[in-house]
Amino acid sequence: MSIATAINQEATLATAPKLTMIEAINSALRLEMERDERVVMFGEDIGSNGGVFRVTDGLQTRFGPKRVFDTPLAESGIIGTAVGMAVAGLRPIPEIQFAGFSYVAFNQLASQAAHIRLRSGGLYACPMVVRAPYGGGVKTPEMHSESVEGLFMQTPGLKIVIPSSPYDAKGLLAAAVADPDPVIFLENIKMYRSFKQPVPTERYVLPLGQAAVIQEGTDLSVFAYGAMVKVAQDAAKSVHTQTGASIEIIDLRSIVPLDEETIVASVTKTGRAVVVHEAPRMGGLGAELVAIINENCLYSLLKPVLRVTGYDIPYPHAFLEDLYLPTPTRVAQAILDTLED
Amino acid sequence: MSIATAINQEATLATAPKLTMIEAINSALRLEMERDERVVMFGEDIGSNGGVFRVTDGLQTRFGPKRVFDTPLAESGIIGTAVGMAVAGLRPIPEIQFAGFSYVAFNQLASQAAHIRLRSGGLYACPMVVRAPYGGGVKTPEMHSESVEGLFMQTPGLKIVIPSSPYDAKGLLAAAVADPDPVIFLENIKMYRSFKQPVPTERYVLPLGQAAVIQEGTDLSVFAYGAMVKVAQDAAKSVHTQTGASIEIIDLRSIVPLDEETIVASVTKTGRAVVVHEAPRMGGLGAELVAIINENCLYSLLKPVLRVTGYDIPYPHAFLEDLYLPTPTRVAQAILDTLED
Amino acid sequence: MELATLNNLERTDKPYQILDLEGQLVSDAPTIAPTQLVAMHRWMWLTRMFSDKIVALQRQGRATTFGPLNGQEASAVGIAAPLLTQDWLGGSYREVGSYMVKGIAPRAFIHGLRGYPLNELYSPEAHCLPFQIVIATQMLHIVGIAMAEKIKGSDAIAVGVCGDGASSEGDFNEALNFAGVFKAPAVLVVVNNGWAISVPRRLQSAAPTFAARGVGFGMPGVLVDGNDVLAVYKTMSEAAARARAGDGPTLVECITYRTGAHTTADDPTRYVPREDVEYWKERDPLVRFRRYLFDRQLLDESGEKEMVAGIEAEINEAVQADEAETLPAADAVFDYAFQELTPRLERQRGEMRREIEAIEQQRLERGTH
Amino acid sequence: MELATLNNLERTDKPYQILDLEGQLVSDAPTIAPTQLVAMHRWMWLTRMFSDKIVALQRQGRATTFGPLNGQEASAVGIAAPLLTQDWLGGSYREVGSYMVKGIAPRAFIHGLRGYPLNELYSPEAHCLPFQIVIATQMLHIVGIAMAEKIKGSDAIAVGVCGDGASSEGDFNEALNFAGVFKAPAVLVVVNNGWAISVPRRLQSAAPTFAARGVGFGMPGVLVDGNDVLAVYKTMSEAAARARAGDGPTLVECITYRTGAHTTADDPTRYVPREDVEYWKERDPLVRFRRYLFDRQLLDESGEKEMVAGIEAEINEAVQADEAETLPAADAVFDYAFQELTPRLERQRGEMRREIEAIEQQRLERGTH
Ligand SMILES: Cc1ncc(C[n+]2csc(CCOP(=O)(O)OP(=O)(O)O)c2C)c(N)n1
Ligand SMILES: Cc1ncc(C[n+]2csc(CCOP(=O)(O)OP(=O)(O)O)c2C)c(N)n1
Ligand SMILES: [Mg+2]
Ligand SMILES: [Mg+2]
């Protein structure tokens, strides 16, 4: 949450109920459906089952099967029909049960949802929010842990949002639903129930494209998003304890659009940076960040920016995933290396 | 072609016939099918029609419809059956008619071909070469011009090769077919017939993962591949004429594996670099290159590395594509900017 | 009136025909006003002449790659003519004829085929999805639209059209399945023109018809003579009525033939057997329908000549008007990524403008222009 | 012997049955040696007991997420039992039973289900494709394998198995289509267990059966009682014979029921109607086949007890053996990207090793361990 928003919300937050990310997203969906008749939701197991993670719990009962419904098991079908619904004036919120299965719908996302505006010369748009759980660390089967933001940032026409807290999730989801273009909204599985946070009952909007400064600092900037924000915080704390270094942590929150101003301002100030993500390193957001830093603050840069990421191998088997994912240990090591003169 | 290879091949080249890239690839395919019974080829229109670009011309007649055949119009089906064939011991060379249509087969490529080794604990492999024309500048309809290397470098388990000349195409294709893992072989459409080059009649192999120094230089390194090599050459020539600068041009040739040693050595020497590709900028290979340079030669770097690339928008309409693609003018400007003190 | 029953919508064995090759009635004709019948003939002519014109423009470098429409005019017109304004239509590049019937002006296509983004000439009131290049994907969009209209409680239906080749794509089958499961008010049409570029129809499916695909997705499948505009019209009317009544989707297969090349980039002599050409020449959809109209004195030779001349003038004017128009600036490409440019794209647009200026500068320096 | 004809392979109306609920013959039994019949019963027991064991291990944190096999044992065994060693089998996570019949040792699965990469226990001679998680994709691999075996001129066939939910994916339909067009020596099986997680069968297709999908792809579709191991066996034998004879693919639908949860992470009480549970209890495949074997004195109560005890010992030993094994090092993950590590991956492996050492160091410093 940005500082400005924080001040505005302070009063409300004091009395707000504490929610998990699942509950916060459920609340956002409920509010969007209440205020806008055009909003419909569908996917696999989102109806009576309330989603395999219960994110859509109770919504079919509340809004009826016309607006909240299960579909056949076909991701391309889910996204392809959502594209049609968006063109016909609805505001679909399709769910892909796990982000890795977006590969099956890749074409409908990257060449269809993303291209409706282009193909129609702006006569039609494709406002929709594709929700998908993503991320590792919970010992799932194959293709359940993939981070896909690195793919969709290479296929322009799609926005990509990744919240790292219940509060952000609710506000960013409201912005995504209001957005006139397709948004991929990635929900970190490990964070779904990992902690609660005060979340206002009413609707609020956190604009897309604004990073959040989680912790200010002067010696080094750490960039992260989703579950990696917490990993960055743990690492920063341990380094601070060890060395007293003042570490700035920035939660990117939105990959497209990316808040480059905040990134550049931070590194211009600190001169050192580490970027952390779960996705493979090669061509991941970390690479893009280094490129942005290189272009805009090379002369402020005291040390190479280090990338702490998933490795460039297929996502490993459940019991071998722990060291594939960035750990506080690995991030702390990178911070220490980068702090060295 | 690397210098060592050049010396070896010098004698042969003097008498070699001059071929277009199409002819060189056709020759490579023919030789592979002759020497290895396990090689089979299939796709849309590759049989009697010889491919929409005639790359497979005459091959069905030569090897029969059992080994060279047309398929139903279904890219996921083409790649999915190829995966099965590879597991069953064949060496399939499926064609995707235009690389952009690989989106339809994205899952079979990124979660299947790429994961056979992982999923089977190494008991099975998936040796296959997916050929696909790619690239812009020839005024094609939607989804015919996309560069896809930036996508598949984010889905580990796939190799990616992009030749920039008839000679390289033939030698790299031989290596790709011999490789024990899946290779995506991207053929630039604009270069298919743009020039001829002496290409030996017999089989030869250019190993994957070795960049080629197209032109040595000391002031600045330009990295490119595919059709952008020529664009880089034209830009370098004009800058050289204008300023006398000594520009090194490196053709990456293979994206995965990437020849990082050559990249790092070059920038360590020149201290300045520009990278050129057709694909969108965000998370493209350019970003990765900057990240590699940042990690390995930050202290040699005199200026920010500039990226001259496709913009972060959907590939534009035919008559608006010219300035979307990197031109010699734009690359020259980037080189000049980077040469400035 | 056998055709009015659902049974008829389940014919998958023999193509349904109303007019035989001589233009004689072999089944009951649908009730269509005489002016509408003549209009249908004009649309068929418009389709053919538009196609010929674009091919000519393409040869002169005035249009991009184009897929000729010749031979398929009866399907094109018969598919679209029974639809209402509010009904949606989504097809491939080959459905230009259907789209013109539905209300898209020829000039809107000319603009697009010259390689520019569609403009306001492409009337949204016609409810036509901009053409699809990635084969078969539009079938899912159409089913989504049909689902949306049902959710909204409107009486609009949605018609998806694709080729025989498209039937092999996963998306085609997923579209049938979603349509069936959600009882979407949709008609899904396979225009079987014998070829997918060079790949013959027999390599697309081992089943004797594509219409047979319907049963496995819980919907009727109808096989119709796609060169018989009345048969296509009547089948589509009934399928549309069925959809509109809430009785669910129908799969229609129109058997026709692509008598031209796949596109201006294609050389069909490499793969089309000669016999085919002869066989289908006799089945020219315009010849058949002309006979029908002439026999009934709804049109005569001179009337048809006038019609053709009118169409020619109309097309030429459209081409001239479009070529006279000021073209979009190179940096217009930035208008279609998002409704509002992101800061990053603003910067990139600046980058492109810098290049545009540099090129202008070079031009001035060289003294050219 | 009605079933031996092709006609029989086209039943799409009523599931084919050999044993009724009481274990009485209602069609001719296939010719199977008595020892093989008893072996089939044992495999069904093995399937069920293996499943129960993994569920128990999962509850204790000794296994990862697992999809129980209960209720589907007759389909599992009937699908695989007629296959030859050289025949390929590719299924989803739910096909553990079939794979064990085909020759994969229980311990190979235990190892995998503990979250580790498959090892050499997963015998390649069994010709079983490692399980597929991305629903339906294996169907295309199997058709590709069948095409390869045909190209190679071998006499092996390939059998693909998936669920009712999987039938909705594009890949499933593309697999049917490729199999039909290339007359692949394949048998494609839909194990219709009524659910795709919480989504009921009726939401997967508007057609009355999945078997009806066959006709639209030019192949016979057969509906079989999936809780009748003899009916499944006989159907699969004939479909396999047909494929082996070069007569092309067959689509088989086994009607069965998932009596447990979708996986250990699922709570079926949220969506499964009570009546279902009762209805399917009476159709327990083991009960039915036990009656058949008992009636014929091929097995008796004490024999079955011994059988069950033997299986229990076998499974427990496998678990113990596997848990005793030295586990792969964390950096083994680098072994499965490519046959040879690229220089980049060598460096990354080094990076991981550095972390492993750092953790070890921390541990030593803390004095733990
Ligand atoms: C997904 C995809 N694959 C391949 C192509 C290339 N392609 C363009 S048209 C065509 C054939 C289409 O055949 P059909 O569906 O029968 O339509 P027709 O051209 O005959 O009208 C192919 C293969 C494409 N545009 N999209
Ligand atoms: C492409 C894909 N989408 C979604 C899932 C999540 N998922 C796992 S199992 C399953 C249901 C499968 O149903 P069915 O095919 O009937 O097989 P069953 O589990 O009943 O054996 C779903 C939706 C997946 N694994 N892959
Ligand atoms: Mg066709
Ligand atoms: Mg099921």
Side-chain angles (χ1 to χ4, degrees), chain A residues 37-38 40 42 66-67 69-90 92 94 104-105 107-108 110-127 156-159 179-182 208-209 254 256-261 292, chain C residues 88 90 108 111-112 116-124 127 129-134 136-154 156 158 160 169-171 173-175 177-182 184 328 333 335-345 347:
Chain A
E37 266 217 316
R38 299 170 304 171
V40 293
F42 46 96
K66 208 173 178 175
R67 293 183 63 200
F69 53 92
D70 287 332
T71 65
L73 206 174
E75 287 74 13
S76 192
I78 291 169
I79 303 301
T81 53
V83 168
M85 290 185 208
V87 167
L90 297 184
V104 184
N107 180 63
Q108 285 287 354
S111 92
Q112 303 302 312
H115 288 192
I116 291 295
R117 195 177 285 284
L118 171 84
R119 185 182 304 146
S120 67
L123 298 170
Y124 293 109
C126 189
L158 301 168
K159 297 188 175 174
D179 200 272
D181 286 295
L208 307 186
S254 146
V256 178
L258 188 63
D259 186 351
E260 299 185 32
E261 267 173 70
I292 290 169
Chain C
W88 291 82
H111 192 72
Y116 298 108
L118 295 183
N119 57 20
E120 52 304 324
L121 288 166
Y122 193 94
S123 164
H127 291 95
L129 280 187
F131 288 142
Q132 190 39 260
I133 295 297
V134 186
T137 51
Q138 76 274 17
M139 303 307 268
L140 277 170
H141 306 162
I142 280 296
V143 172
I145 289 174
M147 290 166 71
E149 296 300 345
K150 186 173 172 177
I151 291 169
K152 292 193 280 180
S154 93
E169 287 283 5
D171 274 8
N173 295 289
E174 294 189 17
N177 199 36
F178 272 63
V181 165
F182 295 109
V333 294
D335 291 341
Y336 309 111
F338 299 116
Q339 182 168 302
E340 273 182 52
L341 279 189
T342 61
R344 180 181 180 102
L345 290 182
R347 283 190 296 274

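Quick note on labels: first sequence line is chain A, next is B, and so on, each numbered from 1. Heavy atoms only: backbone and side chains are in, while hydrogens, waters and symmetry mates are out.
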Given a strict heavy-atom distance threshold of 4.5 Å, which part of P72(A) is in contact with chain C: side chain, backbone, both, or neither? both

Any heavy-atom pair between the side chains of S76(A) and L140(C) that's under 4.5 Å? yes

Using heavy-atom distances under 4.5 Å, tell me whether S120(A) contacts chain C through its side chain, its backbone, both, or neither. both

Side chain from CB out, backbone as N, CA, C, O: work out which of these in I292(A) comes under 4.5 Å of a heavy atom of chain C, or both, or neither. side chain

So which of V87(A), V256(A), D259(A) has the largest heavy-atom pair count under 4.5 angstrom toward chain C? V87(A)

Parallel, tilted or perpendicular: rings of Y124(A) and W88(C) (30°, 60°): tilted

R117(A) versus P180(A): any side-chain heavy-atom pair under 4.5 Å? yes

Do E169(C) and M139(C) have side chains that get closer than 4.5 Å, going by heavy atoms? no

Under 4.5 Å from a heavy atom of chain A, the part of Q138(C) involved: neither

By a 4.5 Å heavy-atom criterion (distance strictly below it), what part of L123(A) contacts chain C: side chain, backbone, both, or neither? side chain

With a 4.5 angstrom heavy-atom cut-off, which part of D179(A) approaches chain C: side chain, backbone, both or neither? neither

Any L129(C) side-chain heavy atom under 4.5 Å of I145(C) side chain: yes

Atom pair CG (N177(C)) and OG1 (T71(A)), whose distance is rounded to the nearest 0.5 Å: 10.0 Å

For chain C, find which of L258(A), L208(A), L158(A) contributes the most heavy-atom pairs closer than 4.5 angstrom. L158(A)

For the interface with chain A, which of I142(C), V143(C), I151(C) has the highest count of heavy-atom pairs at distances below 4.5 Å? I151(C)

Which bit of F182(C) comes within less than 4.5 Å of chain A, counting heavy atoms only: side chain, backbone, both or neither? side chain

Could you tell me which of T342(C), V134(C), I133(C) has the largest number of non-hydrogen atom pairs under 4.5 Å with chain A? V134(C)

Largest heavy-atom contact set with chain C, pairs under 4.5 Å, which of Q108(A), K66(A), E261(A), K159(A): Q108(A)

Where on A74(A) is there a heavy atom nearer than 4.5 Å to chain C: the side chain, the backbone, both, or neither? both

List in chain and number order the residues that pass salt bridge (Lys or Arg N to Asp or Glu O under 4.0 Å) with R38(A), two or more places apart in sequence or in another chain; answer none if no residue qualifies. D36(A)

Of the backbone (N, CA, C, O) and the side chain (C-beta and beyond), which part of A175(C) lies under 4.5 Å from a heavy atom of chain A, both, or neither? neither

Going by side-chain hydrogen bond (donor to acceptor under 3.5 Å, both in side chains), name the residues that satisfy it together with H115(A), two or more places apart in sequence or in a different chain. E142(B)

Under 4.5 Å between any side-chain heavy atoms of K150(C) and M147(C), yes or no? no

Go through V40(A), I116(A), I78(A) and name the one with the most non-hydrogen pairs under 4.5 angstrom from chain C. I78(A)

